[in-house]
Amino acid sequence: MTWPSTEPARQVERGQRMPTLIERIACKLAHLHAGRVYRQFLRAVDNTPHEQARALRRALRVIDGSDFARRYQLTPDTAAADLRRMVPLCGYEALRPYIERVWAGEVRALFRARSPILMFVTSSGTTAKAKLIPVTREFVRDYRRGWNVFGLKMLTDHAAAVLRPILQVTSRYDGRRSPVGIPCGAITGLLAKMQKRIVRRFYVGPPEVANIPDALARYYTLMRLGIARDVSFAITANPATLIQMARTAAQESEELIRDVADGSLSRRLVPDKALRDRLAAGLKPDRSRAAELERLRAAYDTLRPRDYWKLSFLACWTGGSLEHYLDTLRSWYGDIPIRDIGLLASEGRVTIPFEDGVPAGALDVTAAFFEFIPIECCDQEQPQTLLASELETGQDYAVVLTNTAGLVRYRLDDVVRVHGWLGKAPVLEFLYRAGRVASVAGEKLTEHHCAAAVRNVCQAFKLPELDFVLAPCWGDPPYYRLSCEVKLSAAQVEALDRELGVQNEEYASRRASMRLGAVQLRLLPPGSLAAMDNKMMKARGAVAEQYKRVYLLTKPGDDDGILTTMRHAPRQNAGAFQSAVPARGGA
């Protein structure tokens with residue numbers, strides 16, 4: 001990256017250090033190991049049917065002899081065709097009784113006798129009651145293997161990031177415990193704890209950062225620990241998290257710069273002295289860096305990562321409705337490559353992307369046994385499924401998986417589109433959740449349609465990215481209501497109505513035949529959408545790093561139930577998903 005000479009001088013080498021010999025050797029060994037995993041994966045996609053059969057056997061071995069396996073007469077040798085005949089497709093609720101018995105200590109309900117359960121992942125899905133996904137050793141191996149393949153290709157493509165600090169956001173894996181003491185939380189926390197020590201040395205924040213209960217304090221701490229270092233890239237699932245981290249550093253810039261000068265960590269934001277002392281143990285006063293940050297803040301009226309770090313790339317979700325955040329993300333971090341981390345759920349990994357700026361990735365044929373429901377059959381209770389080798393380019397499907405977390409013929413219901421093939425594995429792009437579809441007049445409007453329409457209108461009118469919720473409303477005729485915190489003109493709302501028709505032909509048809517009315521605008525007080533996010537995160541047991549903003553509510557009146565209780569919500573910093581653009585110089 002070349003810095004324009006007209007900008008204030010930057011000391012981009014600030015915080016850099018030469019890697020030690022031990023670090024170089026360890027990095028080489030890790031690279032060789034990851035390289036073997038990567039080459040194995042490339043061989044696997046060339047032989048997808050064989051690898052899928054192996055993945056099915058691994059999944060069935062994990063549950064061999066369990067009550068669930070006996071009920072359906074499953075053995076490790078059960079073939080894919082027999083599995084599809086013997087076991088019905090199911091959602092989480094069908095498995096909940098088995099998983100709750102495992103939660104209570106009855107491992108044999110769903111797994112082999114005496115199988116160790118490392119933790120339960122709290123899912124951020126759309127059900128009102130949180131889902132708990134059991135994590136076995138086999139599941140961790142599958143999960144880590146996918147990350148190794150992804151990480152090696154990512155760092156091979158961005159060699160300048162190797163052996164430099166990494167800003168990674170994780171959450172606690174042990175926020176609570178089951179009745180028999182098994183941790184419950186986010187799998188990212190467990191993976192960080194299990195990471196090789198030599199790799200952990202390059203993380204800006206130690207695993208203990210996840211123990212800070214307040215999300216904004218956690219973001220501040222990560223930015224404080226990283227701002228004086230030569231951060232090479234930032235990685236987390238949700239792009240909104242990266243935006244909020246940058247915004248937090250800018251909003252708290254006075255205290256942040258003082259902390260850098262003094263070698264301290266904010267007592268106000270991290271009041272737990274023991275935790276604060278552990279996190280600040282390696283910090284030293286750095287008055288020259290503090291002065292440099294002061295100069296940057298004065299020059300740009302704000303602090304932005306694009307100015308104080310020499311980043312090689314970012315890694316986060318970019319597909320589906322989350323594409324809505326990318327312009328704001330670049331306004332904070334700069335016009336640098338962004339690598340999608342893949343379709344990755346609490347229930348397991350589905351895809352591995354191999355290119356920057358492309359939300360599609362190859363099916364991770366080694367992670368699970370996959371089936372796919374053609375999108376036109378999704379409403380059926382027990383539709384016929386297709387195998388990976390039977391998919392067609394350009395078509396949309398909902399994902400079903402059987403994996404080593406004890407999930408058998410589980411309807412993940414993420415909808416993907418086939419963009420091509422890597423070897424014999426389909427290359428898939430996540431579009432939306434199958435259940436996130438609104439249809440009051442047969443229009444079948446998806447969250448993907450809504451996010452794309454709003455994004456195109458914002459670009460056409462040169463507006464900052466708009467935070468919003470769209471919901472159907474009963475009327476004569478029924479219509480959709482756009483709730484947001486920005487006053488839009490009548491022309492802009494009309495443009496959105498037209499653009500929804502561009503994205504969805506059925507919407508255009510219903511509008512033309514007057515079966516749907518025009519979009520109406522409802523202006524919300526500042527902070528309403530942030531309060532909605534926090535309420536929904538709490539209700540679902542989700543963490544901010546996993547939570548995906550709900551842009552489309554599917555039932556008429558849902559927006560009244562969620563938003564009208566917040567009509568007088570105060571503006572609050574908890575709005576991790578507000579999309580205001582930074583002052584001066586924003587993209």
Side-chain angles (χ1 to χ4, degrees), residues 10-12 14-15 164-171 188 192 202-271 275-276 278-286 289-297 300-312 314-316 328-334 336 544-545 573-578 580 582-583:
R10 297 175 176 82
Q11 299 176 20
V12 295
R14 166 71 65 178
R164 291 172 56 203
I166 303 164
L167 181 67
Q168 183 180 36
V169 185
T170 61
S171 298
T188 55
F202 291 95
Y203 288 169
V204 161
E208 290 83 1
V209 172
N211 295 340
I212 301 173
D214 179 72
L216 292 186
R218 192 161 62 246
Y219 299 157
Y220 176 90
T221 300
L222 282 169
M223 299 303 281
R224 165 63 190 99
L225 295 175
I227 200 164
R229 300 183 65 185
D230 174 39
V231 172
S232 59
F233 68 93
I235 180 169
T236 192
N238 200 320
T241 300
L242 294 175
I243 293 169
Q244 184 59 24
M245 289 173 67
R247 183 179 294 119
T248 298
Q251 291 173 343
E252 303 289 346
S253 60
E254 193 69 36
E255 188 151 9
L256 182 63
I257 292 171
R258 186 165 57 249
D259 273 343
V260 171
D262 297 341
S264 58
L265 179 62
S266 171
R267 180 180 301 179
R268 174 177 62 88
L269 291 168
V270 188
L275 178 58
R276 187 174 67 251
R278 288 199 301 274
L279 293 173
L283 299 177
K284 297 179 181 179
D286 193 343
R289 177 59 163 172
E292 181 183 1
L293 295 172
E294 286 275 21
R295 289 194 297 271
L296 290 171
R297 185 174 64 167
Y300 297 105
D301 293 337
T302 190
L303 277 180
R304 304 173 301 185
R306 66 189 293 175
D307 301 317
Y308 51 75
W309 284 329
K310 189 179 180 182
L311 295 163
S312 294
L314 299 172
C316 61
T328 300
L329 190 64
R330 291 188 178 95
S331 72
W332 284 103
Y333 288 86
I336 58 176
E545 290 77 26
N573 286 337
F577 308 97
Q578 295 174 350

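Worth saying up front: this structure is predicted, and the values here are computed from it rather than measured. Basis for what follows: all heavy atoms, side chains included, without hydrogens, waters or symmetry-related copies.
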Q) L216 and Q251: side-chain contact (heavy atoms from CB on, under 4.5 Å), yes or no, with the steps? A) CA-CA 11 Å; L216 292 186; Q251 291 173 343; 5.8 Å; no
Q: Applying side-chain contact (heavy atoms from CB on, under 4.5 Å), run through I257 and L303 and close with a yes or a no.
A: CA-CA 10 Å; I257 292 171; L303 277 180; 4.3 Å; yes
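A donor-acceptor pair is defined here as one N or O able to donate and one able to accept, closer than 3.5 Å; such a pair exists between the side chain of R224 and the backbone of D259. Remark: side-chain polar atoms of S232 are not paired, donor with acceptor, to backbone N or O of L311 under 3.5 angstrom. A distance-only check finds a donor-acceptor pair linking the side chain of Y333 to the backbone of L242 [under 3.5 Å]. At distances below 3.5 Å, at least one donor-acceptor pair connects side-chain atoms of R289 with backbone N or O atoms of I227.
For T248, the side-chain hydrogen bond (donor to acceptor under 3.5 Å, both in side chains) partners are Q244, not counting sequence neighbours. Among residues two or more places apart in sequence or in another chain, the salt bridge (charged side-chain N to carboxylate O under 4.0 Å, His left out) test is passed with D262 by R287. Residues passing the side chain to side chain contact (heavy atoms under 4.5 Å, CB included) test with A192 are T170, sequence neighbours excluded. Taking the side-chain hydrogen bond (donor to acceptor under 3.5 Å, both in side chains) definition, one finds that R276 meets it with nothing, sequence neighbours left out. For P206, the side chain to side chain contact (heavy atoms under 4.5 Å, CB included) partners at least two apart in sequence or on another chain are E208, V209, L225, L279. For S253, the side-chain hydrogen bond (donor to acceptor under 3.5 Å, both in side chains) partners at least two apart in sequence or on another chain are R297. In this structure, the side-chain hydrogen bond (donor to acceptor under 3.5 Å, both in side chains) partners of Q168, at least two apart in sequence or on a different chain, are Y203.
Atom CZ of R258 sits in a crowded spot, with more than 12 heavy atoms from other residues, nucleotides or ligands closer than 6.0 Å.
Heavy-atom minimum distance, V231 versus R164: O-NH2, 3.3 Å. The minimum heavy-atom distance linking E255 with S266 is given by the pair OE2-OG, 2.6 Å. Nearest approach of L329 to C316, heavy atoms of both residues: CD2-SG, 4.0 Å. In terms of heavy atoms, L296 sits closest to D307 at CD1-O, 3.7 Å. The minimum heavy-atom distance between S331 and R304, with the atom names listed, is O-CD, 3.9 Å. Between L265 and A280, the shortest heavy-atom distance links the atoms CB-CB, 4.1 Å.
Rounding to the nearest 0.5 Å places CD1 of I212 at 3.5 Å from OG1 of T221. Summarising the geometry, atom OH belonging to Y308 is positioned 7.0 Å from atom CG belonging to L256; distances are rounded to the nearest 0.5 Å.
Screening residues 234-268 for ring-ring contact (aromatic ring centres under 6.0 Å, His included) gives no qualifying pairs among residues at least two apart or on separate chains. Sorted by first and then second residue, the pairs that involve residues 220-253 and meet ring-ring contact (aromatic ring centres under 6.0 Å, His included), not counting sequence neighbours, are F233-F313.
Side-chain atoms of M223 and P305, non-hydrogen and from C-beta on, do get closer than 4.5 Å to each other.
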